Amino acid sequence: MHKLLVINPGSTSTKIAIFVNEDLVLEQILRHSGQELAKYERIVDQYHFRKEAVLEALQEAGVEIGDLAAVVGHASDLGGLLAYDIAREYGIPAFIVDPVVVDELTDMARLSGSPLIQRKSIFHALNQKAIARRAAAQLGKEYKDANLVVAHLGGGISVGAHYRGRVIDVNNALDGDGPFSPERTGGLPVFALAKLCLSGQ
């Protein structure tokens with residue numbers, strides 16, 4: 001029997017889960033307010049705050065870290081750091097699984113309205129791929145055999161076209177492409193943005 005702690009830090013929450021082999025036995029979303037996060041200049045500076053939140057939630061749930069076989073970190077560098085540090089204290093292994101971002105765009109999807117700018121694949125690959133696999137299973141298919149449109153709605157928003165297990169087109173959820181979200185402007189009119197840049201405002 002393998003008991004795993006999985007940690008997935010997002011922009012405004014930290015998701016934790018306990019798995020026994022492949023069975024999910026505990027899942028919690030630890031939400032962080034803008035006021036709590038505003039005091040940290042960089043995401044990595046949130047490390048101790050997030051670690052304490054995870055440890056407190058595990059304690060309240062009666063989870064003994066020493067009983068774990070491993071700790072798994074998802075997503076950003078912060079996930080890996082949290083997994084490594086918690087695991088190290090108890091002498092158990094830590095792993096990073098699933099990439100933060102993947103680039104599976106077709107050549108056509110890289111085209112923008114300007115030959116000087118190429119579209120990039122920067123999106124919520126971890127969550128999009130996980131949901132795509134779940135949706136495919138509900139449809140009675142393997143992810144590699146499904147065609148899906150998947151939307152991640154969080155601090156940032158990304159909408160991806162999944163074709164047979166690959167994300168062949170998606171908005172750049174980091175650099176302002178696509179819809180606006182609680183933390184990002186999304187696409188802005190180019191002329192209005194240029195005027196604003198030159199306005200001194």
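Atom set for the values below is all heavy atoms of this structure, side chains included, hydrogens, waters and symmetry mates excluded. Everything numeric here is computed off the predicted structure, so don't read it as measured data.
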Do any N or O atoms from the side chain of [X] and from the backbone of [Y] form a donor-acceptor pair under 3.5 angstrom?
X	Y	result
Asn21	Met1	no
Arg164	Ala146	no
Glu36	Ser33	yes
Ser13	Lys15	no
Thr12	His32	no
Arg184	Gly176	no
Lys129	Gly165	yes
Asp175	Lys120	no

Specify the closest pair of heavy atoms between [X] and [Y], including all atoms of both residues, with the distance to one decimal.
X	Y	result
Tyr143	Arg166	OH-N, 4.1 Å
Val101	Ser121	CG1-O, 3.0 Å
Ile92	Ile65	CD1-O, 4.0 Å
Ser181	Gly156	OG-CA, 3.5 Å
Ala94	Ala87	CB-CB, 3.7 Å
Ala109	Arg119	O-NH1, 2.5 Å

Could you tell me if the side chain of [Y] sits less than 4.5 Å from the side chain of [X], heavy atoms only?
X	Y	answer
Arg31	Ile29	yes
Phe180	Leu188	no
Pro179	Asn171	yes
Arg110	Asp103	yes
Phe123	Val159	no
Thr14	Ile7	yes
Val170	Val167	yes
Val54	Leu30	yes

Could you check Glu56 against Lys51 for salt bridge (charged side-chain N to carboxylate O under 4.0 Å, His left out), going step by step and ending with a plain yes or no? CA-CA 9 Å; Glu56 184 177 316; Lys51 180 183 174 186; over 6 Å; no
Inter-residue atom distance [X].[atom1] - [Y].[atom2], 0.5 Å rounding:
X	Y	atom1	atom2	result
Phe49	Leu37	CZ	CG	5.5 Å
Ile16	Ile86	CD1	CD1	9.0 Å
Leu68	Leu5	CG	CG	5.5 Å
Gln128	Leu148	CD	CG	10.0 Å
Glu104	Ile168	CD	CD1	10.0 Å
Ile122	Asn172	CD1	CG	4.0 Å

Passes side-chain contact (heavy atoms from CB on, under 4.5 Å), Asn8 versus Val72? Steps please. CA-CA 9 Å; Asn8 180 8; Val72 178; over 6 Å; no
Same cluster or not: [X] versus [Y], using hydrophobic residues (I, L, V, M, F, W, Y) connected whenever any side-chain heavy atoms lie under 4.5 Å apart?
X	Y	value
Leu81	Tyr40	no
Tyr90	Val20	yes
Leu55	Tyr47	yes
Tyr163	Val149	no
Leu116	Leu105	no

How about CD on Glu89, more than 12 heavy atoms from neighbouring residues, nucleotides or ligands closer than 6.0 Å, or not?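 Above 12, so yes.
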side-chain contact (heavy atoms from CB on, under 4.5 Å) for Val6 and Phe19? Distances and angles first, verdict last. CA-CA 8 Å; Val6 181; Phe19 283 84; 3.8 Å; yes
Check against side-chain contact (heavy atoms from CB on, under 4.5 Å), Ser112 and Gln118: CA-CA 6 Å; Ser112 76; Gln118 187 176 75; over 6 Å; no
Taking NZ, NE, NH1 and NH2 as the nitrogens, is one of them in Asp45 or Arg50 under 4.0 Å from a carboxylate oxygen of the other?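 Result for this pair is no, no salt bridge flagged.
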Taking only Lys NZ, Arg NE, NH1 and NH2, and the carboxylate oxygens of Asp or Glu, determine whether Lys3 and Glu64 approach each other closer than 4.0 Å. no
For residues His152 and Ser158, is any side-chain donor paired with an opposing acceptor at under 3.5 Å?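 No, no side-chain donor-acceptor contact under 3.5 Å.
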